[in-house]
Amino acid sequence: MDYPFSMIEQKWQQTWQKRRIANAPDNADKTKYYVLSMFPYPSGVLHIGHASNYAIGDAISRLKLMEGYNVMQPMGYDSFGMPAENYAITHNSHPRITTEEHIASMRKQFDGMGFFLDWEREVSTCRPDYYRWGQYIFKKMYEQGLVYRKKSFQNWCEPCNTVLANEQVEDGACWRCGSEVIQKELEQWYFRITKYAEELLDFSDVIEWPERVMTMQKHWIGKSEGARIEFTLEHSDTKIPIFTTRPDTIYGVTFMALPPEHPLVQQWLAEEPDNRELQDFCKKVINEDKVLRQSAETEKEGVFSGRYCVNPLNGAQVQIWITNYVLMDYGTGAVMAVPAHDQRDFDFSKKYDIPMKIVIQNPAGNLDISTMSEAYIEPGIMAASAHFDGMPSDAAKSAITEWIAKNGWGEKTVTYRLRDWGISRQRYWGNPIPIIHCPKCGIVLVPDEDLPVLLPDNVQVGKTTSNPLLSVPEWLNVTCPQCGADATRETDTMDTFVDSSWYYARYADAHNTALPFDQDKSDYWLPVDQYIGGIEHACMHLLYARFIYKFMRDLGWVKGNEPFLRLLTQGMVLKDGAKMSKSKGNTVDPQYIVDRFGSDTLRVYLLFASPPEKDVEWNDEALMGSFRFLNRIYRLIDGNLDAIKKGMQFEADVAKLSPEMKQLLFSSHYCTKKWREDSLQRMQYNTAIAAIMEHLNHCIAIKDAANLDDDALAVYAEACGIIPQLLYPFAPHIAEELWQMIGCESLLHESGLPGYEEKYLLQDTITLVVQVNGKIRGKLEVAPDTAHDLLQEEAMKIENVQRALDGFEVVKVIVVPGKMISIAAKPKK
RNA sequence: GCGAAAGUGGCGGAAUUGGCAGACGCGCUGGACUUAGGAUCCAGUAGGUUCACUCCUGUAGGGGUUCGAGUCCCCUCUUUCGCACCA
């Protein structure tokens, strides 16, 4: 018979709810512990990845609960965004309706899992009581000078009259109508995240983040040091600033490379409408698929602009080329090209027959343009570089930069790969940007008392292809709050990453109607102690959230520098070695598993399969193993209730125990120790569960518990009695049930963490391994405190050791206390 | 191409600080039991060798350091992820 998991799980879910164990009070006497799992997009169904994420969060929460913390683990929904809008379009409905339906059905599935979640703090980003404060934060950022508008090129579909995300562009064509995607210059709203670039590189205030994630973020930010140098357009005062990390090569510049998007190029395009070569090239490059254009495989191309600029250091005339391999978004959007010492410039100048000039010699001194097949990018000795000749190129970097600064041609500078955060989306289902465009006053912020700018409901998504907000005149047309003139609302909505970059703070005070959150509450709850989510958010979400946290800190809203003190990036659940997805048809429905085997089985399976940060391979048969494990536990305790209850009244006299019962006593304490290390310190739940299984096997090995004497019974009762406590973080329902069955009246978390005593971990004898030249040749069973001399003597006596030493002479004997005796020997002469 | 991580039985994985490789689970093999179950219990399970004891081999491959290497160093291969002309 299977244990009655369904009855047990319902019973304890109701009890927990009644006892409000997951509803964390603000400002309790206890120390807080804030556990947060990334909130889901409400697709309508929990998938196995969610279950895995929340099983981990639940284990951590319940462990911290046992430890006595005031634990808060909230949950909510990341409910704005393109998927919800598209879902509504295909189902001919409204995203507000479908989203709320999805949330309701997900909530049911959440409840069936019995997760430790404080639902009284639920947030949903698409509800006005939440997005109102996103608008408020936008305004604060605007006031701090962290918001600006800038023209930039976006994927644009002309027939659909809409902007497309990179993922909506398939082979350069619109995913919906199939027509060619072009690049259109649009005014977009930006957050000045680059202002925090330097600080975002500093992780000294996080307690425990995966090294991997920090490395990825550092690379994403991409700090590089170099020089900003101004070249002058010939016969003009126009300066062309460039950024270079190789100022030591500046005497080797033979051309200047600009992208078609460069403002100067745009100006020339306007001045020379009849220059077909220039016009056609720029149009072609700008409209090229972004991904394709940025590929290293793409052939480097360019056209000569017919213009020259001047190298400030030597007055040399430099050709200006317009090319497809320079990025407008990085550095100053202009490159001084040094073909002899940069591979890309080398390739380009070979193709277009542009001169090269060697200004850094290799140590052999035999670099020659006529024989070079690739650029020389290593350091070397300066050559043909005026008074810097003969200097090592590394030293010349700073010498030349100083020379440039001294003469006012430029300066030492730092550039980041990180770009400002474009938050504009030309979509309906997002948080409206609280801006009004007035013909007289220009850009005007919506006053606080008019927040939130509500998304109008009378919109039919999918009926218009452009942003539906444009089709609601009663929403669009307003009077200017400053001058009363007729004005229009901003129709861009915010990137959903804005919503998710501060939600963790809203949970601290989810129902505040006067502020995003009250500072007393945020001071108590923030920062998040443990954050859990997928590695795919390593760069974007986690970086944005850190940025917004630092901004809120600067406003004095929150304390500390980091929103998430500990981060755990959990692995994916795979099936047949591949990511589960509907299109592959390899999904597993967690609800089905819960119905068949219970939430506890599913959790134990997910946690036992691998350490949390690694991927889990789904395996139906291994799932049965977890189910059997819980059944075995239930049978053990249910079948020996009388013995356990009786034994709990006794205290064991250790001296009177049989060797078998001594081992069981050892197992209880050893297992508890290992469980504490694995689950609390290492957060490696798979081995913590393995330790319970091992201990369970020892308990089951005692066959006739009813006939044990009182001392043995006491040991047996303890051994069985600790199992519910050990099980609680991983399979809480069955754990509570068993706890109650053995007569304990408290809820399990109130029992505290299970403890162990060192004295029971001492063994009479220990086993030492004896090695000869690294190979095991025998074992010694000795008292733990045996003297080293004696150990060596005993080891030498072992027959096998003798045999291995035959014809050898001992060079050295190493004793590793408690572990081994290693004999090093060499052949006799 | 650059960067990061990883590679251990038939499978998921363990080995925490350089110290008994394969804990625990799945699967498999043999046996017991029969309320015939998605059961339970017992024994076995890296490969080779041997009746057995033993011995040999073995953590992607090759080298190295060490009394001792899955773990540290160098080279190579493979896989996954991230980035993609970053001046």
Side-chain angles (χ1 to χ4, degrees), chain A residues 1-2 210-213 215-216 218-220 222 224 226-227 242-246 249 257 291 293-298 300 323-327 329-338 342-345 347-348 415-419 535-536 538-539 572 574 577 596-597 604-605 608-611 613-629 631-632 635 674 677-678 681-682 684 686-694 696-697 700 703 767-776 779 800 803-804 810-814 816-826:
Chain A
M1 268 306 277
D2 296 337
E211 206 56 50
R212 245 173 110 197
V213 175
T215 308
M216 281 164 85
K218 282 176 190 167
H219 288 188
W220 185 269
S224 74
I242 59 96
F243 172 75
T244 182
T245 55
R246 294 294 305 272
T249 64
V291 178
R293 177 171 162 197
Q294 290 177 355
S295 160
E297 313 299 310
T298 306
K300 288 170 184 50
T323 72
N324 65 346
Y325 75 94
V326 175
L327 302 175
D329 292 321
Y330 183 74
T332 61
V335 168
M336 66 171 213
V338 187
D342 181 282
Q343 192 56 43
R344 294 154 300 183
D345 300 342
D347 295 342
F348 190 84
T415 289
Y416 301 91
R417 182 186 167 279
L418 180 72
R419 292 180 225 150
I535 186 80
E536 68 270 21
C539 286
M572 283 185 304
L574 308 174
R596 283 293 176 100
F597 307 108
V604 167
Y605 171 71
F608 179 62
S610 74
E613 68 279 0
K614 286 182 77 174
D615 291 346
V616 180
E617 173 70 30
W618 184 265
N619 180 326
D620 284 323
E621 280 172 330
L623 176 82
M624 292 310 299
S626 297
F627 187 51
R628 283 200 293 264
F629 165 60
N631 269 305
R632 269 149 61 87
R635 269 201 308 276
K674 178 143 178 60
E677 283 168 4
D678 288 351
Q681 281 143 48
R682 302 206 303 151
Q684 196 168 303
N686 57 333
T687 51
I689 292 169
I692 303 173
M693 289 175 171
E694 243 168 310
L696 176 67
N697 291 341
I700 288 175
K703 283 302 170 202
T767 306
L768 295 183
V769 173
V770 183
Q771 285 188 352
V772 178
N773 285 340
K775 293 212 164 95
I776 295 164
K779 293 186 179 181
N800 244 346
R803 204 180 327 159
V810 174
V811 182
K812 174 155 86 161
V813 180
I814 295 151
V816 183
K819 294 219 164 115
M820 65 162 36
I821 300 148
S822 182
I823 301 165
K826 62 175 184 188

Looking at A:Asn619, I'd like to know whether one of its side-chain N or O atoms comes within less than 4.0 Å of OP1 or OP2 on B:rG25.
no

Would you classify A:Gln681 as touching base, sugar-phosphate or nothing, given that sugar-phosphate means primed atoms plus P, OP1 and OP2, and contacts are heavy atoms under 4.0 Å?
nothing

Sequence-distant partners of A:Asn800, side-chain hydrogen bond (donor to acceptor under 3.5 Å, both in side chains), two or more places apart
A:Arg803

Do the side-chain N or O atoms of A:Asn686 get closer than 4.0 angstrom to the phosphate oxygens (OP1, OP2) of B:rG12?
no

Distance below 4.0 Å between A:Arg682 side-chain N/O and B:rA15 OP1 or OP2
yes

Specify whether A:Tyr325 and A:Phe348 have parallel, tilted or perpendicular ring planes, treating 30° as the upper limit for parallel and 60° as the lower limit for perpendicular.
tilted

Using a heavy-atom cut-off of 4.0 Å across all strands, would you classify A:Ile776 as base, sugar-phosphate, or nothing?
sugar-phosphate

When you check the phosphate oxygens OP1 and OP2 of B:rA87, does a side-chain N or O of A:Ser224 lie under 4.0 Å from one of them?
yes

Comparing A:Lys812 and A:Ala691 on RNA chain B - which has the more 5′ nearest nucleotide
A:Ala691

For the side chain of A:Asp345 and the backbone of A:Val338, is there at least one donor-acceptor N/O pair under 3.5 Å apart?
yes

NA contact type, A:Ala622, heavy-atom cut-off 4.0 Å: base, sugar-phosphate, or nothing?
sugar-phosphate

Fill in the dot-bracket string of RNA chain B, one character per base: . for unpaired, | for a pair to another strand, ( ) or [ ] for pairs within the strand, taking Watson-Crick or G-U pairs under 3.5 Å.
(((((((..(((......[....)))((((((.......))))))(((......)))..(((((..]....))))))))))))....

